[in-house]
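Since the structure comes first, as structure tokens, the remarks are kept for the end.
Along the sequence shown, the residues carry numbers beginning at 1.
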Amino acid sequence: METVYDFTLPRGYLDSAGEVHRRGKMRLATAGDEISATRDPRVLSNPSYLTIVVLGKVVTELEGVEMVTANLIEKLFTADLAFLQDMYQRINDIEPPMMETVCPDCGKVYKVPLNFTTGG
């Protein structure tokens with residue numbers, strides 16, 4: 001199972017020396033990443049900061065940068081932040097389990113998502 005994914009930012013992080021850093025790695029998020037982020041004081045005072053804190057945890061590398069933190073993520077251009085948010089959603093999203101079923105009238109085989117929730 002792949003747990004770390006390479007990326008190239010569309011614009012790149014511009015450091016204080018004027019150098020642009022674009023290539024990096026993002027790992028799959030854990031439940032602990034999301035839970036600890038909700039306890040971060042910056043998130044408690046501003047819930048929209050949650051994305052920044054979580055990305056600071058799961059972006060593990062950015063070429064030429066010693067450490068990726070929420071403060072670094074905060075300094076990204078908006079195009080790069082949107083790119084990382086989309087990537088986070090795509091790599092951490094799971095497909096619902098599917099089941100093949102047969103229409104009793106026509107005999108056609110369909111794949112339908114399994115729903116394990118009750119009620120309705």
Side-chain angles (χ1 to χ4, degrees):
M1 178 170 87
E2 189 172 5
T3 61
V4 178
Y5 299 84
D6 295 328
F7 64 80
T8 302
L9 294 173
R11 298 222 186 268
Y13 167 65
L14 183 63
D15 68 20
S16 59
E19 190 174 335
V20 177
H21 309 270
R22 295 185 62 211
R23 290 194 305 268
K25 294 181 185 293
M26 180 186 292
R27 67 170 171 77
L28 291 177
T30 65
D33 293 329
E34 295 197 358
I35 290 167
S36 67
T38 63
R39 296 180 182 142
D40 186 290
R42 296 166 292 190
V43 174
L44 293 173
S45 66
N46 181 358
S48 63
Y49 205 79
L50 179 65
T51 299
I52 303 295
V53 173
V54 171
L55 288 174
K57 292 176 180 295
V58 299
V59 175
T60 59
E61 289 180 33
L62 192 57
E63 70 174 334
V65 174
E66 188 173 319
M67 181 187 287
V68 178
T69 63
N71 289 336
L72 181 144
I73 300 294
E74 188 179 54
K75 295 174 185 171
L76 293 175
F77 295 111
T78 56
D80 294 324
L81 179 61
F83 172 86
L84 290 174
Q85 287 174 310
D86 179 63
M87 181 177 178
Y88 177 90
Q89 189 65 39
R90 282 185 291 115
I91 71 171
N92 288 289
D93 193 25
I94 61 168
E95 295 280 329
M98 303 294 277
M99 177 179 83
E100 281 190 1
T101 186
V102 179
C103 175
D105 294 326
C106 69
K108 185 172 181 181
V109 177
Y110 292 94
K111 285 193 176 197
V112 295
L114 286 176
N115 184 352
F116 293 108
T117 60
T118 59

Pairwise distance OG1(T69) to CD(E74) - rounded to 0.5 angstrom: 9.0 Å
Value rounded to 0.5 Å, distance of CG in L76 from CG in L14: 10.5 Å
Side-chain heavy atoms of [X] within contact of [Y], under 4.5 Å:
X   : Y   : result
L81 : I52 : yes
N92 : V58 : no
L84 : L9  : yes

Heavy atoms only: give me the nearest [X]-[Y] pair and the separation to one decimal.
X    : Y    : result
Y110 : C103 : CE1-CB, 3.9 Å
G107 : V102 : O-CG1, 3.6 Å
L28  : M1   : CD1-CE, 4.4 Å
M87  : Y5   : CE-CB, 3.5 Å
P10  : A79  : CG-O, 3.9 Å
V53  : A37  : CG1-CB, 3.7 Å

Listed once per pair and sorted, the side-chain hydrogen bond (donor to acceptor under 3.5 Å, both in side chains) pairs that draw on residues 51-67, sequence neighbours left out: R23-E63, S36-K57
Under the salt bridge (Lys or Arg N to Asp or Glu O under 4.0 Å) test, residues paired with D105 that sit two or more places apart: none
Any residue meeting salt bridge (Lys or Arg N to Asp or Glu O under 4.0 Å) with D80, in chain and number order, not counting sequence neighbours: none
Set of residues satisfying side chain to side chain donor-acceptor pair (under 3.5 Å) with respect to S48, sequence neighbours excluded: N46
Pairwise ring pair (Phe, Tyr, Trp, His ring centres under 6.0 Å) hits with a residue in residues 20-73, at least two apart: Y13-H21
Single-linkage hydrophobic cluster V20~L62, side-chain heavy atoms < 4.5 angstrom: no
Residue pairs passing the salt bridge (charged side-chain N to carboxylate O under 4.0 Å, His left out) test where at least one lies in residues 30-49, sequence neighbours excluded: R27-D33, D40-R42
